[in-house]
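Computed over heavy atoms, backbone and side chain alike; hydrogens, waters and symmetry mates excluded. Just so it is clear, the structure is predicted and the values come from calculations on it, not from any experiment.
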Amino acid sequence: MRAKLFRALVPIAVAVTTVGLVAGCSSGDTGPNADAPASFESGAQINPHPISDLQQGGNMNFPLSQVPTNYNYYQIDGTTVDAARYYAALMPTAFKAAADASLTTATDFFTDITESEVDGKQVITYNINPKAKWSSGRPLDYTDLVATWTANSGKDPAYEASSTAGWDKVESVVRGENDQQVTLTFAEKFADWRSLFSPLMPAESVNTVEAFNTGSVETMPATAGPFRIRTIEPGGKRIVAERNPDWWGENPAVLDTITYLPLDTTASIGALQSGEIDYFELGSSADAFKVARGIPNVDLRQSLGPQYRHFDFNGAPGRITSDKAVRVALMKAIDRDYLATSQLGQITSSPTVLNNHIYVDGQKGYQANNSDITFDPEKAKAELDAAGWTMNGEFRSKDGKQLDLQDIIPADTPNATQEAQIIQQNLKAVGANLIIQSVPSDDFFEKYILVGAFDVTHFTWEGTPYSSSSDGIFRLTPGSTLQNYGQVGSEEINGLLDDAAAELDDDARIADYNKADEAIWAEGHSLPMFQRPSTYATKSNLANFGAPGFGDLDYSKVGFLK
């Protein structure tokens with residue numbers, strides 16, 4: 001799966017800052033809502049309609065959780081769920097995912113993509129749709145694939161890429177029989193090769209270190225989709241995409257425009273009530289869920305989805321949590337069942353914890369790999385004792401240092417605050433002092449998480465149909481963070497991830513990834529807490545949009561009913 005994961009699904013797991021409007025138990029709810037659904041469909045809930053049922057034209061107001069800091073999705077600052085959302089309407093991709101995560105070639109951009117073996121090596125041949133062109137007017141061609149691979153390959157660490165998974169196994173990407181044919185040859189076998197070039201970037205935006213890292217800080221690169229950028233207000237406060245008049249796909253876009261509006265999370269449900277936005281993704285907010293149910297002409301569209309909450313440790317030298325024994329002990333001190341109930345209890349009558357880092361419930365391959373890492377405060381105390389952290393008054397200390405943990409969370413996300421307060425009480429019970437520090441949401445990733453300025457933190461990963469998209473989260477690469485922000489890992493985990501990535505048989509690959517997940521648990525990398533159902537509060541007359549399951553939305557078909 002992927003965390004960057006974590007909808008219109010993209011191949012790198014994406015980090016999600018927001019978790020909803022208000023604390024799930026703020027209205028006095030202490031247990032599951034018996035009237036809430038016990039489970040959710042794995043298929044998309046999008047109010048499907050043929051285009052003939054839709055009004056031609058109109059604008060969709062589309063909320064974003066934060067102001068973009070880089071419009072290059074592959075650059076580490078740009079790999080966010082918001083970027084995944086607007087890229088889906090604007091940028092080309094090699095494959096598209098159905099609601100069950102099955103994949104087909106994205107024929108708007110590639111007429112066909114084939115896998116073969118040549119001289120014992122895995123070779124992929126890409127035939128670009130000759131009609132496809134960038135908003136600059138230039139046709140998509142082999143140079144775009146070459147540049148996208150080069151920037152993400154890890155060969156030059158000056159490129160600040162989010163993940164090199166798969167790209168680093170490529171030996172060459174070269175022009176084929178013409179400019180619209182590309183031959184990719186792997187040095188090592190890579191089962192998840194379909195994850196590559198999703199999205200594909202225009203060569204000009206990624207073919208130098210400067211272009212890749214900072215060239216898209218204030219504006220989108222050239223696009224190639226059913227929509228194109230009309231305007232970006234200074235600071236990214238409002239992004240307007242318009243129907244691409246040169247779109248060559250099966251259908252021209254139904255909507256005239258999509259207006260992307262970065263909104264404070266606490267304002268979003270009110271904006272939906274007043275009609276300022278056309279949908280709001282509720283996350284795990286019970287109060288937002290209740291408010292949305294009462295808004296006239298708004299539907300709740302829900303499905304299983306690839307988002308999950310997790311608790312991360314910083315393993316950098318000098319940090320208390322650099323000690324694996326401490327990390328594992330603290331994981332056993334956290335009551336995940338209570339967290340799941342507090343956050344999801346009004347949305348589902350059967351909230352459950354997540355016991356896998358690679359797969360989520362509803363995906364083939366999901367199994368519990370947590371072994372003895374369950375809520376066990378007495379065992380947590382014993383393991384902290386064994387690690388040399390002894391009680392000294394209210395909290396533990398070692399070598400004159402108190403067991404203080406700085407928990408960095410985004411401000412204006414009360415669900416994150418509630419999570420932190422629950423975890424704070426859990427850890428206090430075993431002698432650890434969790435200090436909660438709320439920081440501006442727009443600074444959360446850029447100024448704290450990406451640079452390792454935290455002891456612990458918790459946010460949401462949003463995955464993809466590609467298991468390898470989690471690679472950068474769990475791989476430890478000295479000198480390169482990728483998405484392993486806490487720099488926790490081992491050579492064992494790296495090797496197991498390599499084994500899984502090279503296994504071409506689906507069932508054997510799943511088994512390999514689960515072996516890797518067992519090692520990830522044992523290393524105390526991070527603690528998955530719970531999977532969030534995709535819950536979209538959506539205007540009732542908005543069609544072909546909503547909870548997408550594990551698949552992609554087709555933005556050319558999104559529109560309002562007649």
Side-chain angles (χ1 to χ4, degrees), residues 6 16 18-41 265 269 281-293 300 302-312 330-357 360-362 366 368-370 372-380 407 409 413-430 432 434 436 456-462 521 526-535 537 547:
F6 218 135
V16 187
T18 57
V19 294
L21 174 69
V22 287
C25 293
S26 64
S27 299
D29 304 309
T30 57
N33 177 5
D35 296 327
S39 61
F40 298 94
E41 297 295 324
T265 308
I269 197 70
E281 191 172 354
L282 299 180
S284 54
S285 170
D287 283 2
F289 183 82
K290 291 177 182 177
V291 171
R293 279 193 304 189
L300 288 179
Q302 296 178 277
S303 72
L304 280 176
Q307 290 191 356
Y308 72 93
R309 297 288 292 171
H310 62 99
F311 187 79
D312 267 21
L330 294 175
M331 288 162 68
K332 294 175 182 177
I334 296 173
D335 189 347
R336 294 187 294 148
D337 286 313
Y338 187 80
L339 282 165
T341 298
S342 71
Q343 300 295 306
L344 302 178
Q346 296 303 300
I347 297 172
T348 172
S349 60
S350 299
T352 57
V353 301
L354 186 69
N355 285 318
N356 197 302
H357 294 82
V360 294
D361 189 20
Y366 178 75
N369 292 321
N370 58 306
D372 68 338
I373 298 179
T374 59
F375 179 52
D376 191 336
E378 294 308 311
K379 186 175 287 187
D407 182 15
I409 61 173
T413 53
N415 275 35
T417 300
Q418 186 198 22
E419 278 181 357
Q421 291 169 345
I422 293 170
I423 295 169
Q424 184 181 55
Q425 293 304 307
N426 288 164
L427 296 186
K428 183 178 181 181
V430 301
L434 190 75
I436 302 168
V456 295
T457 187
H458 34 113
F459 55 92
T460 300
W461 283 123
E462 179 166 303
W521 278 99
S526 54
L527 181 67
M529 294 190 290
F530 54 87
Q531 178 182 355
R532 298 194 323 194
S534 292
T535 304

Intermediate values then yes/no, side-chain contact (heavy atoms from CB on, under 4.5 Å), Asp337 and Phe375: CA-CA 8 Å; Asp337 286 313; Phe375 179 52; 5.7 Å; no
Pair Ile423-Val456, side-chain contact (heavy atoms from CB on, under 4.5 Å): steps then yes or no: CA-CA 11 Å; Ile423 295 169; Val456 295; over 6 Å; no
Atom of [X], atom of [Y] and distance for their closest heavy-atom approach:
X: Gly305; Y: Ser534; value: CA-OG, 3.5 Å
X: Asp312; Y: Ser526; value: OD1-CB, 3.2 Å
X: Val430; Y: Pro377; value: CG1-O, 3.8 Å

Is any side-chain heavy atom of [X] closer than 4.5 Å to a side-chain heavy atom of [Y]?
X: Asp372; Y: Lys379; value: yes
X: Arg336; Y: Asn355; value: yes
X: Gln302; Y: Phe289; value: yes
X: Pro528; Y: Asn370; value: no

Distance in Å, [X] [atom1] paired with [Y] [atom2], rounded so as to fall on 0.5 Å steps:
X: Asn356; Y: Gln531; atom1: CG; atom2: CD; answer: 10.5 Å
X: Asn415; Y: Gln343; atom1: CG; atom2: CD; answer: 4.5 Å
X: Gln424; Y: Thr417; atom1: CD; atom2: OG1; answer: 11.0 Å
X: Asp376; Y: Asp335; atom1: CG; atom2: CG; answer: 11.5 Å
X: Thr535; Y: Glu281; atom1: OG1; atom2: CD; answer: 8.0 Å
X: Gln418; Y: Ile409; atom1: CD; atom2: CD1; answer: 11.0 Å

Residue pair Val360, Leu354: steps toward the side-chain contact (heavy atoms from CB on, under 4.5 Å) verdict: CA-CA 7 Å; Val360 294; Leu354 186 69; 4.2 Å; yes
Counterpart residues, side-chain hydrogen bond (donor to acceptor under 3.5 Å, both in side chains), relative to Asp361 (two or more places apart): none
Glu419/Arg309 under side-chain contact (heavy atoms from CB on, under 4.5 Å): CA gap, chis, key distance, verdict: CA-CA 10 Å; Glu419 278 181 357; Arg309 297 288 292 171; 2.7 Å; yes
Single hit among Leu527, Asp407, Leu339 for side chain to side chain contact (heavy atoms under 4.5 Å, CB included) with His458: Asp407
Given Leu330, Asn426, Leu427, the one that forms side chain to side chain contact (heavy atoms under 4.5 Å, CB included) with Leu434: Leu427
Donor-acceptor pair, side chain of His357 and main chain of Asn369, under 3.5 angstrom: no
With sequence neighbours excluded, residues passing ring-ring contact (aromatic ring centres under 6.0 Å, His included) with Tyr366: none
Results of ring-ring contact (aromatic ring centres under 6.0 Å, His included) for His310 - residues two or more places apart only: Tyr308, Phe459, Trp461
